[in-house]
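Each remark here refers to the structure printed beneath this line.
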Amino acid sequence: MTQHTDLPTDSLPATVRDFLSAHVVHDAATASSYLAEDAVVVDQGETVRGREQVHAFLRDAGSEFEYTTEQIGARRVDDAHCVVTLRLEGTFPGGVAELDYRFTLRDDLVTELVIANHEA
């Protein structure tokens, strides 16, 4: 049975906190340093594999828009998995999005990140 535990931001794994801190200020180089070499990112159905390709994806994703990011939720699924919900507001179509960032960790690195619409 999966147990979900709501977490304050400071209780998230340091890797996740540090990745998100860099990601929300568009620092793809620092965010990428928290990825495993074989990391996989899936964003709205698009899959990117490997640290170098993920770095390029993080650098370019959303760069054509201006937006703010606010963390509105976090939960630990188990020792290797957590989900952080971010609310984005900006100049992209629709203007507002709530996204779940589903992290899988191994050896204090992100091995998989799935970004998808928040499931209420």
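The line from CZ of F19 to OG of S32 is 7.5 Å long, rounded to the nearest 0.5 Å. A distance of 6.5 Å separates CZ of F65 from OG1 of T91, quoted to the nearest 0.5 Å. Taking CZ of R87 as the reference point, atom NE2 of H118 lies at 11.0 Å (rounded to 0.5 Å). Rounding to the nearest 0.5 angstrom, the gap separating the OG1 atom in T30 from the NE2 atom in H23 is 13.0 Å. Interatomic distance, H81 NE2 to R75 CZ, rounded to the nearest 0.5 Å: 12.0 Å. In this structure, CD in E46 is found 5.5 Å from CZ in F57, a value given to the nearest 0.5 Å.
In this structure, the side chain of R17 engages the main chain of L12 through a donor-acceptor pair within 3.5 Å. The main-chain N or O of D108 is found under 3.5 Å from a side-chain atom of T15 such that the two form a donor-acceptor pair. Looking only at distances, a side-chain donor or acceptor of R51 sits under 3.5 Å from a matching main-chain atom of L35.
Within 6.0 Å of atom CD in E64, more than 12 heavy atoms from other residues, nucleotides or ligands are found, so the atom counts as buried in its surroundings. Remark: E52 CD is loosely packed, at most 12 non-hydrogen atoms of other residues, nucleotides or ligands lying under 6.0 Å away. For R59, the CZ atom counts as densely surrounded, since its 6.0 Å shell holds more than 12 non-hydrogen atoms of other residues, nucleotides or ligands.
Residues A31 and A22 approach most closely at N-CB, 3.5 Å, considering heavy atoms.
When the side chains of ILVMFWY residues are joined at heavy-atom separations under 4.5 Å, either directly or via intervening members, I115 and V16 end up in a single hydrophobic cluster. Each of V54 and L109 belongs to its own hydrophobic cluster when Ile, Leu, Val, Met, Phe, Trp and Tyr are linked at side-chain heavy-atom distances under 4.5 angstrom. With hydrophobic clusters built from ILVMFWY side chains whose heavy atoms lie under 4.5 angstrom apart, L113 does not share a cluster with I72. No chain of hydrophobic side-chain contacts below 4.5 Å, direct or via other Ile, Leu, Val, Met, Phe, Trp or Tyr residues, connects F103 to V24. Each of V42 and V84 belongs to its own hydrophobic cluster when Ile, Leu, Val, Met, Phe, Trp and Tyr are linked at side-chain heavy-atom distances under 4.5 angstrom.
Between L105 and V110 there is a side-chain heavy-atom pair separated by less than 4.5 Å. Counting heavy atoms from C-beta on, the side chains of L20 and L86 come closer than 4.5 Å. Using a 4.5 Å heavy-atom cutoff, the side chains of N117 and L99 are in contact.
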